[in-house]
Amino acid sequence: MSYLEAIKTAIIIFPIIAFLFTIPFILHQYHKYGSINKLRVLIIYSFILYLITIYFLVILPLPSIEEVENTTGKTIQLIPFSFISDIVRETQFNILKPSTYISTITHPSLYTMLFNIFMTIPLGMYLRYYYKCSLKKTLILTFSLSLFFELTQLTGLYGIYPRPYRLCDVDDLITNTLGGAIGYLLMGIVDDFLPTREKIDEETLENGKKVSGFRRITLFFLDGFVCLFLATVVALFSNFKMMLVTTIIYYAVIPYFWNGKTLAGNFLNVKVSFPNLTFLRLIIKTVFQYFYYFILPICILSIGMIVVKNVDISSVGSIWTYLTCFIIIFLFYIINIILILKNNNIYYDKLLKITYLSTITERGEKNG
């Protein structure tokens with residue numbers, strides 16, 4: 001039952017961990033490949049879920065501190081392969097007596113040993129298939145992960161408990177490492193039926209030669225974050241007006257001298273292209289997008305404030321007025337996001353003759 005509890009807890013926690021991992025993952029993928037491969041996403045996120053699950057299988061269920069304080073007995077077992085003698089002793093196993101086979105197979109001590117092996121088989125498979133580890137490296141990494149688990153138990157969950165609440169067993173290191181080796185060998189059997197890591201990289205880089213709508217949205221928000229950070233730092237050391245100057249420098253001056261790339265664009269391998277890349281065109285683009293995405297929504301909200309202030313309406317009517325404004329603004333952003341995701345280009349791209357180009361080359365390196 002404790003196994004089911006650990007798996008259930010891992011599934012509940014996984015969305016939180018995945019959410020925290022998502023933004024760095026997206027940025028890394030666009031920086032390295034210029035696109036995000038669905039199979040790579042499945043592999044990486046399933047690997048994260050797997051690691052969370054086995055970690056919780058090791059530490060859960062958590063006893064109370066009072067229970068641990070009153071616990072006596074061994075905290076560490078350093079005799080290798082003692083699990084064999086334990087199984088023989090507890091099950092009365094005798095190789096010459098077939099009648100003892102069933103009781104041995106169904107005994108919990110054997111389950112524990114098999115569980116420790118099966119727990120790290122997927123790790124060996126992940127390490128060989130996706131991370132391209134050799135057998136030696138797989139053994140080292142599997143042993144290291146198992147050692148981390150055992151030290152977690154030995155330290156009483158990093159000092160939270162006054163003493164270990166589970167036995168730190170050297171046999172766990174052996175069986176976990178064996179599981180990693182078995183996983184490595186099993187992956188060698190099915191490896192030919194799966195797309196190789198190189199194939200995944202090639203497809204990702206090929207897709208990275210085009211700027212997808214999602215990549216463009218990522219660029220928009222990363223540009224906004226970097227520019228806002230720089231403008232805020234400048235404002236702290238000078239004055240508020242310098243924020244506008246910093247914005248112009250970021251969105252117009254830097255791209256003009258850097259072949260259409262901003263700082264975020266260089267990181268994400270995206271540049272802006274015009275028929276004639278002039279400083280004036282970059283200024284017009286910056287001002288237009290600033291008014292379109294920031295000033296226009298503020299104007300909508302301002303209209304609502306004017307209505308509430310100058311029209312004799314009830315408090316409920318005022319709430320509905322503001323709510324309507326927020327809904328309009330929300331729909332405005334959602335519609336623009338959908339348009340960009342569906343077609344990459346949006347109507348003002350054609351108006352301003354803007355093209356977003358990938359700087360990923362055929363070998364996956366960055367231009368410039």
Side-chain angles (χ1 to χ4, degrees), residues 1-11 13-14 17 42-61 74-91 93 101 104-155 157 164-194 196-197:
M1 194 68 182
S2 62
Y3 294 160
L4 294 177
E5 178 186 344
I7 294 172
K8 180 181 177 181
T9 303
I11 293 174
I13 296 296
F14 172 70
I17 303 298
L42 176 62
I43 293 171
I44 295 296
Y45 279 83
S46 63
F47 185 54
I48 293 173
L49 177 59
Y50 162 71
L51 291 178
I52 295 172
T53 301
I54 61 173
Y55 179 71
F56 284 145
L57 285 170
V58 170
I59 69 170
L60 295 180
K74 292 174 62 177
T75 61
I76 186 170
Q77 196 287 114
L78 297 176
I79 302 175
F81 301 105
S82 66
F83 67 87
I84 297 177
S85 59
D86 292 340
I87 292 174
V88 173
R89 183 181 66 255
E90 295 179 16
T91 63
F93 174 74
Y101 291 1
T104 301
I105 293 173
T106 58
H107 197 274
S109 60
L110 182 64
Y111 287 161
T112 301
M113 184 269 292
L114 292 176
F115 169 76
N116 284 328
I117 293 175
F118 284 121
M119 187 174 74
T120 52
I121 286 178
L123 178 63
M125 299 177 76
Y126 276 109
L127 291 177
R128 175 168 184 168
Y129 172 64
Y130 185 75
Y131 294 101
K132 295 299 178 183
C133 294
S134 63
L135 177 59
K136 179 180 178 181
K137 191 172 183 180
T138 298
L139 293 175
I140 293 173
L141 290 175
T142 307
F143 178 84
S144 299
L145 181 65
S146 180
L147 181 62
F148 166 71
F149 289 155
E150 296 306 308
L151 291 177
T152 298
Q153 296 173 341
L154 185 62
T155 58
L157 201 57
Y165 65 96
R166 286 189 178 181
L167 179 67
C168 175
D169 195 339
V170 69
D171 284 341
D172 291 347
L173 293 172
I174 297 172
T175 51
N176 287 161
T177 306
L178 175 62
I182 293 173
Y184 180 91
L185 297 175
L186 287 176
M187 181 50 66
I189 299 174
V190 301
D191 203 16
D192 292 338
F193 301 97
L194 298 172
T196 64
R197 170 70 182 271

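Start at 1 with the first residue, then count along the sequence. All values derive from a computational prediction rather than experimental measurement.
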If I compare all heavy atoms of L194 with all of M187, which pair ends up nearest, and what's the gap? CD1-SD, 4.2 Å

Taking C-beta and beyond as the side chain, do F115 and L57 meet within less than 4.5 Å on heavy atoms? yes

Straight-line distance of L151 CG to L157 CG, nearest 0.5 Å: 12.5 Å

Kindly indicate whether the side chain of T120, heavy atoms from C-beta on, has any atom under 4.5 Å from the side chain of S146. no

Less than 4.5 Å apart, side chain to side chain, heavy atoms only: is that true for M119 and T175? no

Which value, rounded to the nearest 0.5 Å, describes the distance between T152 atom OG1 and R166 atom CZ? 11.0 Å

Does some side-chain heavy atom of D171 sit less than 4.5 Å from a side-chain heavy atom of M113? no

Look at the aromatic rings of Y126 and F47 and report parallel, tilted or perpendicular, splitting at 30° and 60°. tilted

Considering all heavy atoms, the nearest E150-D169 contact: OE1-N, 3.0 Å

Please name the residue in the list V190, D191, T196 that meets the side-chain contact (heavy atoms from CB on, under 4.5 Å) test with Y129. D191

Rounded to the nearest 0.5 Å, how far apart are CG of L135 and CD1 of I140? 10.0 Å

Heavy-atom side-chain proximity of I48 to F14 below 4.5 angstrom: yes

Rounded to the nearest 0.5 Å, what separates atom OG1 in T177 from atom CD1 in I117? 10.5 Å

Does the N116 side chain pair with the main chain of N176, one donor and one acceptor, at a distance under 3.5 Å? no

Non-hydrogen side-chain atoms of I54 and Y50 separated by less than 4.5 Å: yes

One should read off an interatomic distance between R128 CZ and L186 CG, to the nearest 0.5 angstrom, of 10.0 Å

Tightest non-hydrogen contact, residues V170 and L78, listed as CG1-C, 3.6 Å

Apply side chain to side chain contact (heavy atoms under 4.5 Å, CB included) to the pair F56 and I13, showing each step before the final yes or no. CA-CA 10 Å; F56 284 145; I13 296 296; 3.9 Å; yes

Which heavy atom of L145 sits nearest to which heavy atom of L123, and what is that distance? CD2-CD2, 3.6 Å

Got a sec: does the NZ of K132 have more than 12 other heavy atoms crowding it under 6.0 Å? yes

Do L139 and Y184 come within less than 4.5 Å of each other through their side chains, counting heavy atoms only? no

Report yes if some heavy atom in the side chain of P164 is under 4.5 Å from a heavy atom in the side chain of Q153; otherwise report no. no

Atom OH of Y55 and atom OG1 of T9: how far apart are they, to the nearest 0.5 Å? 12.5 Å

Testing the basics here: between T138 and G124, what is the closest heavy-atom pair and its distance to 0.1 Å? CG2-CA, 3.9 Å

Go through I59 and Y165 one step at a time and tell me if the side chain to side chain contact (heavy atoms under 4.5 Å, CB included) criterion holds. CA-CA 9 Å; I59 69 170; Y165 65 96; 3.5 Å; yes

